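Scroll down for the structure; my scribbles are underneath it.
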Number of protein chains: 2
Amino acid sequence: MLLANADIDNSQALTERQKAVLDAALRLLVEEGDHLTMTAVARRASCSKETLYKWFGDRDGLLTATVQWQASKVRVAPVDGKGLDLASLTASLERFASDWLKVISSDTSIALNRVAVGHAGSGKDDLGAVVLENGRFALAKRLKPVLEAGRQAGLLEFSDAETAFRTFFGLVARDVQIRLLLGDRLELTEAAIGGDAARATQQFLALHGAKPGRKASDL
Amino acid sequence: MLLANADIDNSQALTERQKAVLDAALRLLVEEGDHLTMTAVARRASCSKETLYKWFGDRDGLLTATVQWQASKVRVAPVDGKGLDLASLTASLERFASDWLKVISSDTSIALNRVAVGHAGSGKDDLGAVVLENGRFALAKRLKPVLEAGRQAGLLEFSDAETAFRTFFGLVARDVQIRLLLGDRLELTEAAIGGDAARATQQFLALHGAKPGRKASDL
DNA sequence: CGGCAGCCGTACCGTACGTTACGGTTCGGC
DNA sequence: GCCGAACCGTAACGTACGGTACGGCTGCCG
């Protein structure tokens with residue numbers, strides 16, 4: 001992780017026209033992957049290349065802006081931990097699992113992750129950091145309070161929220177993301193996602209659900 | 001793609017010189033990622049570009065051959081399921097987990113997966129399929145017999161070996177691979193890997209270990 | 001010894017694409 | 001109505017790189 005210092009919501013600094021251009025770039029990115037050319041973006045967005053360079057600096061700047069633009073769109077409402085009981089906790093966890101599976105299996109996420117992975121380690125830009133920050137780390141930031149609340153309410157047992165989160169993450173994502181990124185067909189129907197979310201949640205509860213007579217050190 | 005019709009273990013069809021060239025290409029791939037040029041490979045391997053094209057057809061052919069060459073090197077000895085008890089099963093699972101974590105955190109694996117992910121969906125070659133086949137699917141092929149043996153021995157309970165495998169996979173890999181692919185620094189020391197392998201194994205046993213009085217339908 | 005096949009090194013070609021430059025049009029402010 | 005800024009469309013430039021051609025060297029075989 002490097003910077004990501006331009007924290008969040010720089011989406012406000014964008015005019016409507018710029019957003020439209022980035023939307024066009026995003027669509028092209030999903031279709032063509034890292035193959036997209038500045039000419040193609042300009043044509044798709046009905047703008048001149050000169051404008052692209054003025055607004056975004058260079059190709060990497062355009063790519064980064066596009067990724068950040070998409071990231072700014074997926075902010076979801078945080079779950080509140082009021083009146084927590086086992087049923088609502090289970091529902092929350094299933095909701096998180098289901099949402100996450102939907103995200104990582106979407107065309108947009110796959111395309112963005114592919115581009116970011118391809119650019120990682122080149123040192124030219126920080127696409128990987130941006131994607132990570134708005135994906136896996138944002139998820140952790142939203143889920144951990146729920147886990148903590150569950151522990152407070154005596155429903156969950158764990159020593160480290162980060163570790164517990166990563167267990168949940170593993171149970172939900174399993175091999176799905178890497179397979180999709182590598183081009184494996186793997187159609188996730190709505191029903192399959194729901195089933196996986198329920199299974200992952202039950203497994204997580206089996207590992208970290210509070211049970212009288214079990215010591216937390218067993219985890 | 002031109003050739004690559006010779007399915008697997010075409011490693012035997014390679015001369016020593018060709019292997020040396022592919023090793024050079026592999027090292028370059030780790031250093032430069034998808035940025036490597038045919039000229040750079042030729043220079044590193046001290047061969048002519050003409051030879052590269054004669055042997056591998058084109059750039060994609062060279063890349064594919066390089067990935068397959070690396071894959072052919074990581075064949076590991078399968079574990080035998082003789083005289084299985086809980087201790088040896090646990091040891092086997094920990095061994096699998098530890099090996100897998102070492103693989104996915106290695107520079108070579110990261111570089112290869114990055115290239116394969118970058119090429120996936122372009123339709124030009126099948127790097128993604130090759131990596132998947134020699135990574136995640138090869139792992140499943142080797143681990144499933146162990147799981148089945150564990151079930152036969154009354155040590156494990158599960159209805160579907162594939163699902164059980166994916167649970168184990170998730171518990172082991174968690175967010176490690178995607179974070180590494182996206183460029184997150186995440187140094188896994190020998191000790192950390194050992195600890196993670198033990199934790200994942202214990203979690204898996206907690207979910208699927210045979211316990212008198214628990215119905216398999218609970219899983 | 002002559003021929004020839006395989007390969008190295010290098011020069012060369014064509015193209016794709018990032019980047020820049022420029023003429024023409026629209027539009028808000030004076 | 002006039003000016004300048006912003007922007008569109010397109011042409012032009014430079015370069016990097018995939019792919020090819022060729023001359024020279026080495027070693028094997030008859």
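Note that the structure is predicted; figures quoted are calculated from it, not measured.
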What string of B, S and - do you get for nucleotides 13-28 of chain C 5' to 3' if you count protein non-hydrogen atoms under 4.0 Å? ----SSBB-B------

Any residue meeting side chain to side chain donor-acceptor pair (under 3.5 Å) with A:Arg174, in chain and number order, not counting sequence neighbours: A:Asp196

Aromatic ring pairing B:Trp100/B:Phe169, orientation class (parallel under 30°, perpendicular over 60°, tilted between): tilted

Residues at least two apart in sequence or cross-chain that pass salt bridge (Lys or Arg N to Asp or Glu O under 4.0 Å) with B:Lys54, listed by chain then number, are none

Between A:Glu133 and A:Lys141, does any side-chain N to carboxylate O distance fall below 4.0 Å? yes

Outermost nucleotides of DNA chain D that come under 4.0 Å of a non-hydrogen atom of chain B: D:dC17 to D:dC22

Check A:Ala120 against B:Gly183 and note the closest heavy-atom contact, atom names and distance. CB-N, 3.9 Å

Would you indicate whether the side-chain heavy atoms of A:Val172 and A:Glu94 approach each other to under 4.5 Å? no

What pairs of residues pass the ring pair (Phe, Tyr, Trp, His ring centres under 6.0 Å) test when at least one of them lies in residues 28-59 of chain A, not counting sequence neighbours? none

Can you name the salt bridge (Lys or Arg N to Asp or Glu O under 4.0 Å) partners of B:Arg151, sequence neighbours left out? B:Glu148

B:Trp55 vs C:dC7: side-chain N/O to OP1/OP2 distance below 4.0 Å: yes

